[in-house]
Amino acid sequence: MVEAIWTVRKDNGFTEVHLIDQRLLPSREVIVSCRTHREMAEAIREMVVRGAPAIGISAAFGMALGAQELEKVTDPEEFRKKMEETERIIAATRPTAVNLFWALSRMKPLWTEVASLAPGERTATLFLEAQAIKEDDVQRNRKIGAFGQALLPDSATVLTHCNAGALATGGYGTALGVIRGAVEAGKSVKVFADETRPYLQGARLTAYELASDNIPVTLITDSMAAMVMAQGKVNAVIVGADRIAANGDTANKIGTYGLAVLAREHGIPFYVAAPFSTIDPATPTGSMIPIEERSSREVTHAGEMRMAPEGISVFNPAFDVTPARYITAIITEKGVFSPEDLSRHLGQAAEL
Ligand code: MRU
């Protein structure tokens, strides 16, 4: 399986974290090594690593790298202060995927607690926690795959958008985890992968991941989704998520909302597959989810080639919000919920 990696290597006593550079896939497999929290923050911002759970895992490793940079700091208060600054830098990389903030808040009690330990011990503890977050994500995805596969018929064609696979997570994937789960259960699954303009995660990453696993995949441009649905070629739409608000409204890659509306029109179930680390009970509705806007160059250029006139005005939101009413079910590691049931579940959890 093609994966995001996070290999931890010792080089001259200094630990570095290796990531596969997802900007270059599928043409080239190049490894980027991050030695500092700033390098990890840059890797997240520049999308060397992307996908909500993978961003969270990288943030956790970024905090461990930050602790390593403080090997000379022995005063616990100074260590905590510097770690707060590290956290601020990592938190400022990408605003939409809540997994980033989820992972930072999972790391915080730990770095606060270990502040008075020896520097080497502090660093080792934080690397272990980052590794645990990664492994925990794989386990969650396997459960998502097992719950989700039961929703598919024995022979199914699934349409997916962006990349919610092994590359976007600790491994196995969320939306692609459901597809992998179905294949492992002996079902015959074919996939339509939207190319996912403008950054082409579908063409570059999903098509690559599925083809590497010998799962039949057909690449289409985003504007072809309506036609394949109208022709009765799709049994289910399954996408990942970057943030699910408390009412079930879901932010995911730009274009997801349109697919949900199309799926409703054609009577096709529309599923969101995501771990609980993507659910944000503190954001009541989708309208309050911050949406990242990215460079106009992603829209005006294909690689190095300009596709639009110089100086043209461009709008490039990286995500949109699908209202909960279009979502048939949210597939999580704890089971399959309708958006209303998920809201109720979150409300009950808050009251406990
Ligand atoms: O901009 P990206 O590539 O980070 O966006 C990724 C997505 O929108 C994914 O669908 C989402 O993060 C879920 S990944 C399991």
Side-chain angles (χ1 to χ4, degrees), residues 1-4 19-23 25 43-59 93-103 134 137-138 140-145 148 158-180 193-206 208-209 222 237-244 250-260 270-280 286 289-295 298-299 316-322 327 330-333:
M1 199 186 302
V2 187
E3 293 194 303
L19 298 167
I20 194 154
D21 190 341
Q22 299 194 27
R23 298 169 303 181
L25 292 174
I44 298 171
R45 188 179 304 105
E46 294 304 318
M47 293 174 72
V48 167
V49 61
R50 32 64 51 199
I55 290 171
I57 294 163
S58 302
T93 51
R94 295 195 71 192
T96 305
V98 77
N99 308 63
L100 170 69
F101 308 98
W102 173 89
K134 177 199 179 292
D137 188 61
V138 180
R140 290 173 192 242
N141 292 340
R142 288 199 167 272
K143 288 183 186 151
I144 288 171
V158 172
L159 188 144
T160 191
H161 191 66
C162 194
N163 172 262
L167 285 163
T169 62
Y172 202 71
T174 54
L176 298 197
V178 173
I179 290 162
R180 289 194 165 99
D194 275 355
E195 68 170 348
T196 317
R197 277 274 296 155
Y199 206 72
L200 304 179
Q201 289 95 330
R204 295 189 301 103
L205 307 175
T206 296
Y208 178 57
E209 249 196 76
D222 302 348
V237 178
I238 311 180
V239 296
D242 286 84
R243 192 186 296 227
I244 302 173
T250 294
N252 190 49
K253 182 52 55 194
I254 191 75
T256 302
Y257 176 23
L259 285 178
F270 180 90
Y271 299 117
V272 171
F276 262 68
S277 54
T278 304
I279 298 168
D280 181 10
I289 299 176
I291 300 294
E292 176 183 10
E293 281 186 39
R294 295 191 60 85
S295 156
E298 290 179 359
V299 178
N316 184 19
F319 304 96
D320 59 25
V321 175
T322 300
I327 299 172
I330 299 174
I331 307 164
T332 75
E333 71 276 31

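Both ligands and their constituent atoms are indexed starting at 1 by order of listing. All figures in this text were calculated on a predicted structure; none of them were measured in a lab. In this chain, residues are counted from 1 in sequence order.
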**Q** Under 4.0 Å from a heavy atom of Gln201: give me the atoms of ligand 1 that qualify, with their elements.
**A** 1 (O), 2 (P), 3 (O)

**Q** Look at atom 11 (C) of ligand 1 and say which protein heavy atom is nearest, naming residue and atom and giving the distance to 0.1 Å.
**A** Asp242 OD1, 3.2 Å

**Q** Should Arg140 and Glu333 count as an ion pair when the cut-off is N to O under 4.0 Å?
**A** yes

**Q** Has the side chain of Asp21 got a donor or acceptor atom that lies under 3.5 Å from a matching backbone atom of Arg23?
**A** yes

**Q** Check each heavy atom of Tyr199 against ligand 1 and say whether those closer than 4.0 Å belong to the side chain, the backbone, both or neither.
**A** neither

**Q** Any heavy atom of Ala97 closer to ligand 1 than 4.0 angstrom?
**A** no

**Q** Report yes or no: does Thr256 have a heavy atom closer than 4.0 Å to ligand 1?
**A** no

**Q** Give the atoms of ligand 1, by number and element, whose distance to some non-hydrogen atom of Asn163 is under 4.0 Å.
**A** 9 (C), 14 (S)

**Q** Provide the number and element of each atom of ligand 1 under 4.0 Å from a heavy atom of Arg94.
**A** 1 (O), 2 (P), 4 (O)

**Q** Identify, for atom 15 (C) of ligand 1, the protein heavy atom at the shortest distance, and state residue, atom and that distance.
**A** Thr174 OG1, 3.2 Å

**Q** Please name the pair of heavy atoms, one in Glu298 and one in Asn316, separated by the smallest distance, quoted to 0.1 Å.
**A** OE1-ND2, 3.0 Å

**Q** Which protein non-hydrogen atom lies closest to atom 10 (O) of ligand 1, naming both residue and atom, and how far is it?
**A** Asn252 OD1, 2.6 Å

**Q** From atom 1 (O) of ligand 1, work out which of Arg50, His161, Lys253 has a heavy atom at the shortest distance.
**A** Lys253

**Q** To the nearest 0.5 angstrom, please state how far the CZ atom of Arg294 sits from the CZ atom of Arg45.
**A** 10.0 Å

**Q** Could you point out which residue of Arg94, Lys253, Arg243 forms a salt bridge (Lys or Arg N to Asp or Glu O under 4.0 Å) with Glu292?
**A** Arg94

**Q** Would you say Pro53 touches ligand 1, if touching means a heavy atom closer than 4.0 Å?
**A** yes

**Q** Looking only at side chains, do Thr174 and Asn141 share a donor and an acceptor under 3.5 Å apart?
**A** no

**Q** Tell me, please: is Glu292 in heavy-atom contact with ligand 1, that is, under 4.0 Å?
**A** no

**Q** Starting from atom 14 (S) of ligand 1, find the nearest protein heavy-atom neighbour and note its residue, name and distance.
**A** Ala168 CB, 3.5 Å

**Q** Could you work out, with salt bridge (charged side-chain N to carboxylate O under 4.0 Å, His left out) as the rule, every residue matching Asp222, not counting sequence neighbours?
**A** none

**Q** Tell me whether Ala52 has any N or O atom under 3.5 angstrom from an N or O of ligand 1.
**A** yes

**Q** Calculate, to the nearest 0.5 Å, the distance between atoms CD1 and CG belonging to Ile279 and Asn99 respectively.
**A** 10.0 Å

**Q** Could you tell me whether Cys162 approaches ligand 1 through its side chain, its backbone, both or neither, with non-hydrogen atoms closer than 4.0 Å?
**A** side chain

**Q** Backbone N or O of Ala193 within a donor-acceptor pair of the Thr160 side chain at under 3.5 Å?
**A** no

**Q** Could you name each residue pair satisfying salt bridge (Lys or Arg N to Asp or Glu O under 4.0 Å) that touches residues 165-180, not counting sequence neighbours?
**A** Arg180-Glu209, Arg180-Asp213

**Q** For ligand 1, which atoms, with element, lie under 4.0 Å from some heavy atom of Ala164?
**A** 14 (S), 15 (C)

**Q** Please could you name the atoms of ligand 1 that Ala241 approaches to less than 4.0 Å, counting only its heavy atoms?
**A** 11 (C), 12 (O), 13 (C)

**Q** So, for Pro53 and Pro275, which heavy atoms are closest and what is the spacing to 0.1 Å?
**A** CG-CG, 4.4 Å

**Q** Using only heavy-atom distances, determine whether the side chains of Asn163 and Arg204 contain a donor-acceptor pair under 3.5 Å.
**A** no

**Q** Answer yes or no: does an N/O atom from Thr169 fall short of 3.5 Å to an N/O atom of ligand 1?
**A** no

**Q** Tell me whether Met47 has any N or O atom under 3.5 angstrom from an N or O of ligand 1.
**A** no

